[in-house]
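Only this structure's heavy atoms are used, side chains among them; waters, hydrogens and symmetry mates stay out.
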Amino acid sequence: MPKTKLQEVIFTVFMVIVMVYAMVCYNIAFAMGGMQNKVFVAALSEMPIMCAIGFVLDMLIAGPLAKKCAFKVLNPQKDRPIFIILAISVFSILFMCPMMSFAATILFNGGFNSEIVATWAGLTVKNFSMAFFWQIFVAGPLVRFIFGKIFREKSKKAEK
């Protein structure tokens, strides 16, 4: 897990890229009626804007709120680290999914119109289960593994 502000930024960039790409692929596949090879390429066009939005929302709103909520429920000195990680992840999903779904509603699903609330609510509900399972079982473990390899190697080299 990140120990410095720079590490937190790097961790967030990795996590945002992995989560946004998967969620964009999911939404494009959903709109196309199923998964197709062209989904993977089509998702790349939405990546820059959605990653930028995701990074800002996570760094400024969801990340701090998720940690605050997790530490109200769990004690880092007493509870096992995996429970802390899972609590932060779950709270992060609870905050990020509605915010990112709102951004997607505005940018890709009709924008500001009379149906914005219904469209946003429907998109949030549709995205939540995918965001939850992808974060808990794929993105979270993958990003923590890569992050650990990068920063463990650097710390081992510094010790030599």
Inter-residue atom distance N27.CG - M130.CE, 0.5 Å rounding: 9.0 Å

For A29 against M35, the heavy-atom pair lying closest together: CB-SD, 3.6 Å

Can you give me every donor-acceptor pair (side chain of residues 83-99, partner residue at least two apart or in another chain, under 3.5 Å) with its distance?
| residue | atom | partner | partner atom | Å |
| --- | --- | --- | --- | --- |
| S89 | OG | I85 | O | 2.9 |

Pairs involving residues 108-138, ordered by first then second residue, that meet ring pair (Phe, Tyr, Trp, His ring centres under 6.0 Å) (sequence neighbours left out): F102-W120, F133-F137

V125 with V24, same ILVMFWY side-chain cluster at under 4.5 Å: no

Interatomic spacing from CE in M23 to CD1 in I28 - rounded to 0.5 Å: 11.5 Å

Residue pairs involving residues 102-116 (criterion side chain to side chain donor-acceptor pair (under 3.5 Å); sequence neighbours excluded): none

Hphob cluster co-occupancy, L107 + V117, side-chain heavy atoms under 4.5 angstrom: no

Same cluster (ILVMFWY, side-chain, under 4.5 Å), V73 and I82: yes

Which atom of M19 lies closest to which atom of A139, heavy atoms considered: SD-CB, 3.5 Å

Anything under 3.5 Å between a donor and an acceptor, one on a side chain of residues 39-53, the other on a protein residue two or more places apart or in another chain? List them.
| residue | atom | partner | partner atom | Å |
| --- | --- | --- | --- | --- |
| S45 | OG | A42 | O | 2.9 |

Common cluster, L123/V20, ILVMFWY with side-chain heavy-atom separation under 4.5 Å: no

Y26 atom OH, over 12 foreign heavy atoms within 6.0 Å: yes

Reported CZ-to-CZ distance for the pair R144 and F14, which is rounded to 0.5 angstrom: 14.0 Å

Any residue meeting ring-ring contact (aromatic ring centres under 6.0 Å, His included) with F11, in chain and number order, not counting sequence neighbours: F147

Salt bridge (charged side-chain N to carboxylate O under 4.0 Å, His left out) partners of K38, counting only residues at least two apart: none

Minimum heavy-atom distance S101-T124, with the two atoms named: CB-OG1, 3.3 Å

Pairs satisfying side chain to side chain donor-acceptor pair (under 3.5 Å), at least one member in residues 49-59, at least two apart: none

Residue pairs involving residues 62-79 (criterion salt bridge (Lys or Arg N to Asp or Glu O under 4.0 Å); sequence neighbours excluded): E8-K67

